[in-house]
Protein chains: 4
Amino acid sequence: MPEKSNESETARAAQAERAAFTEKAILDASESVFARRGLSGTRVREIAAAAGVNGATLYNYYPSKTALYEAVLERGLAPLVTTLERFSAGPRERESIRALVGEVMCHLAGHPDFSRLVYLEAMAEGPYLPTVARKWVRPLFAFILGELKSGTVPEPLEEPLLPSLAALFIHVSFGHFALAPLLKETLDEDPLSEEGIARQARFIDALILQLFPQLRSEGDED
Amino acid sequence: MPEKSNESETARAAQAERAAFTEKAILDASESVFARRGLSGTRVREIAAAAGVNGATLYNYYPSKTALYEAVLERGLAPLVTTLERFSAGPRERESIRALVGEVMCHLAGHPDFSRLVYLEAMAEGPYLPTVARKWVRPLFAFILGELKSGTVPEPLEEPLLPSLAALFIHVSFGHFALAPLLKETLDEDPLSEEGIARQARFIDALILQLFPQLRSEGDED
Amino acid sequence: MPEKSNESETARAAQAERAAFTEKAILDASESVFARRGLSGTRVREIAAAAGVNGATLYNYYPSKTALYEAVLERGLAPLVTTLERFSAGPRERESIRALVGEVMCHLAGHPDFSRLVYLEAMAEGPYLPTVARKWVRPLFAFILGELKSGTVPEPLEEPLLPSLAALFIHVSFGHFALAPLLKETLDEDPLSEEGIARQARFIDALILQLFPQLRSEGDED
Amino acid sequence: MPEKSNESETARAAQAERAAFTEKAILDASESVFARRGLSGTRVREIAAAAGVNGATLYNYYPSKTALYEAVLERGLAPLVTTLERFSAGPRERESIRALVGEVMCHLAGHPDFSRLVYLEAMAEGPYLPTVARKWVRPLFAFILGELKSGTVPEPLEEPLLPSLAALFIHVSFGHFALAPLLKETLDEDPLSEEGIARQARFIDALILQLFPQLRSEGDED
DNA sequence: GATGAATGAGCCTTCATTCAT
DNA sequence: AATGAATGAAGGCTCATTCAT
């Protein structure tokens, strides 16, 4: 009996591991396909093929295509939210924005398809847009605007333009990933390569320094 | 007899006018729906409903949903291409970029859905992406980079970052329209309102001035 | 006033002539297309194109595709029925069957598509099949069987096989036209050419002579 | 474990059997409907209904209506081709034609709809006509004509009429099935009944004997 | 847990038909 | 009489989803 119990325990553990593996494959495949085709444009069979499983297997993990989409969205959003909360709760330093944008870029580098999901959802005016706005964009804007007001914004960027300035940071970070295929087709290099992402990160840094000259220190200028 | 000829001519003209009206309605509706749902995500019946015609009527004007999509893309792209050609052929002036971006923003204001189409096509890595890149983005980058190299770029923006700088102009113009629903949900105003578009145009202007201080003159500063 | 009357009379006559011309074009086109595609398989636009008129024009002459089909069927059937009636009413002669088959072949030569219509209708078990059977095939069989019984049928063709013998005449006449495309593809000549039709007529003649030796006379044997 | 393996093997076999059953039902239903309505005239929903499955299920087995049509054609044609090849390779005997026609009639009796398919395809001048001609009719004619030339053909059937004589065998075999509905409507019995088919076979036999008197032996005459 | 078979709903497209001119 | 524009009703085919194994 105990052996049997052991056996079944071992078997159960193996099965659980296998299930976890399958689930991750499904989520990864979903993220990739949803990012390219959108919710209504993706076919579950395409996801299944990309995940290497049968179409029916998806339904052992998620009750519907929509639920799968929500899971992908949630998985991509959560770390960003956490990061932002950490920054918001932490002490304000002169270059908080630079640091935050750096971390965000780093996260997006690991999930390069997630940006597209957000853009797709925005453009489709989809049902998850309010959630994304509430959980992520609104706090982000609050953080940035808080920084900006407490800092000194250079003359030409008057007060009413500050939201556009905040949005700028989304454009150059998320937008870089969203537009990547177009840029790749235009320039002769892949914006999603390590090199390309690093360069965009440096660009954002330089942009910030040029926009807020008071942030410059000796270390930035070499 | 001349009356009869006149009659039938008039009748034919009236019919042609009606057809032109219907075709424009179809194109406008298509632009709007495609921009929200993408090519594969839109249902022709939704376009037909938005255009106020029967689903079958679409096929009297365009042979397929795809052909309709291409027509919308072409209609949105052509004026931009023309504008860019005019600027490229014309004399270089100090603030050519400002002027060009201004005109582009103005065109986009009239076709606020077109930007989304471009983003969707980019994210889907669709079959028309190469065309968009070749006809529009590549010349645009050539123009901007030509300006930048001839002008003086401030220190932090070193040479390898120039493509990112060029892309910045797409992000703040097209990106503004593409992300509009998300911004609307986040801020409490519509980025697509006349006011919102004007403000973004002013922001771009200010951004340019801050990035290229040598462009500043007395007129810009008040 | 009288002139005007004359004018309008002339005009009316011209219009009537034109209408008659159009109607014949429509019927001819219909016969050709129906014979190839069947009732449900033909598209009215194809008929219209073949007739050189607009699709809507058909409806000025016939209320529906079905009505057009009936008209074609009737037009092809009527002369055959008339011919058969003439033979049935006329005096019996030794080679009545030979003469009748000859006339039928002659009519079919002028309407080579009509045979296919009959075959299509038969194979589809269409709604006009009973009509065709009643008006044409039943009287035809009655005539042939009347001849056969009055004549002497050679030994191997016993009584119960007589219907098959009657059907044989349909097979070699109508069937020749119906199968023409297959025969053309198989042999290297067109069974619908004048030469091809004449040869089949001769074949039928020879067949009859071989089946009913007592019909032979000196004239047939050279 | 072996039981489990057995179980799953059994299960898989059962599933395969079920699939084979469904596929046969689909093919049978297709043959029946195509034979009546032709390729363009049949609705896949009608086939599905006749096969007792959902319309979408058809596409689990065949990628398109056209592919289904081709499969039906192939299934009907293959045995005939095989039979003919056997006869062509085998020794020539006096009554080869009689025997071949007998076997063909026997096969057609089992697939009474197939003849109509061939006729429909011929009349429509469809895209599969060349295939049918090349694989079946051409070899058949070659066989028959080979027999005829080696044998003695009676006087009235001169050389140039031999192709018509070969075609006669198609008319009386395939044509019997194709025209069956019309004959049924005309006579008062079903040509597709066992009795009807047997009688037509006997008729063909008698026909041959009457056309080629030298084939007669004592056995045939009683 | 995983899968092949099956299906109802829906999508793009075509068709026969109508109507204003 | 003739036609271009418009449409309701399918038609072929796909898709997300279910179920038995």
Side-chain angles (χ1 to χ4, degrees), chain A residues 11-12 14-16 18-19 21-23 40 42-48 53-61 63-66 68, chain B residues 7-8 10-16 18-19 21-23 40-48 53-66 68, chain C residues 11-12 14-16 18-19 21-23 40 42-48 53-61 63-66 68, chain D residues 7-8 10-16 18-19 21-23 40-48 53-66 68:
Chain A
R12 215 173 291 155
Q15 208 172 30
R18 186 184 181 186
F21 180 81
T22 301
E23 177 158 11
S40 59
T42 64
R43 283 147 249 194
V44 296
R45 286 195 139 94
E46 195 177 356
I47 292 179
V53 299
N54 182 283
T57 299
L58 301 184
Y59 291 85
N60 285 337
Y61 294 88
S64 70
K65 183 169 80 159
T66 301
L68 196 43
Chain B
E7 260 179 45
S8 80
T10 310
R12 211 173 294 155
Q15 208 171 25
R18 184 186 181 188
F21 181 81
T22 300
E23 177 159 9
S40 60
T42 61
R43 283 147 253 195
V44 294
R45 284 192 150 91
E46 196 177 354
I47 292 179
V53 298
N54 182 281
T57 297
L58 301 185
Y59 291 85
N60 286 338
Y61 294 87
Y62 296 91
S64 69
K65 184 169 79 159
T66 300
L68 197 42
Chain C
R12 217 174 290 155
Q15 209 171 29
R18 186 183 181 185
F21 180 82
T22 300
E23 177 158 9
S40 59
T42 61
R43 284 146 247 193
V44 295
R45 286 195 138 94
E46 196 177 353
I47 293 178
V53 300
N54 182 282
T57 298
L58 301 185
Y59 290 85
N60 284 337
Y61 294 87
S64 70
K65 183 168 80 161
T66 301
L68 197 42
Chain D
E7 260 181 44
S8 79
T10 311
R12 212 171 295 153
Q15 208 170 25
R18 183 186 182 189
F21 181 81
T22 301
E23 178 159 8
S40 60
T42 62
R43 283 148 251 193
V44 295
R45 287 187 155 94
E46 194 177 355
I47 292 178
V53 299
N54 181 281
T57 297
L58 300 185
Y59 291 86
N60 286 339
Y61 294 86
Y62 296 91
S64 68
K65 184 170 78 161
T66 300
L68 196 43

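Chain letters run A, B, ... following the sequence lines, proteins first, then strands; residues in each count from 1.
Contact record, Gly41(D) with Ser40(C): CA-OG, 3.6 Å, taken as the closest heavy-atom pair. Thr42(A) and Lys65(A) get closest at one heavy-atom pair: O-NZ, 2.9 Å.
Partners of Gln15(B) under the side-chain hydrogen bond (donor to acceptor under 3.5 Å, both in side chains) rule, at least two apart in sequence or in another chain, do not exist in this structure. For Tyr59(C), there are no side-chain hydrogen bond (donor to acceptor under 3.5 Å, both in side chains) partners two or more places apart in sequence or in a different chain. Thr66(A) pairs by the side-chain contact (heavy atoms from CB on, under 4.5 Å) definition with Ser64(A), Glu70(A), Tyr128(A), not counting sequence neighbours. Not a single salt bridge (Lys or Arg N to Asp or Glu O under 4.0 Å) links Glu23(B) to another residue, sequence neighbours left out.
Thr66(D) comes within contact range of no nucleotide atom at all, as no heavy-atom separation falls under 4.0 Å. The residue Ser40(A) sits apart from the nucleic acid: no heavy atom pair falls under 4.0 Å.
The distance from atom CZ of Arg45(A) to atom CG of Asn54(A), rounded to the nearest 0.5 Å, is 8.0 Å. Note that CG of Leu58(D) is 6.5 Å distant from CG of Leu68(D), once rounded to the nearest 0.5 Å.
In DNA chain E, runs of at least 3 stacked Watson-Crick or G-U pairs (N1-N3 plus N6-O4 or O6-N4, or N1-O2 plus O6-N3, all under 3.5 Å) give these stems: E:2-21 with F:2-21.
Nucleotide dT14(E) holds its P atom 14 Å from the NZ atom of Lys65(B), rounded to whole Å. Between the C1' atom of dT13(E) and the OH atom of Tyr59(B) lies a distance of 5 Å, rounded to the nearest Å.
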Sequence-aligned protein contact record of nucleotides 5-10 of chain F, with B where the base is within under 4.0 Å of a protein heavy atom and S where only the sugar-phosphate is: SBBB-B
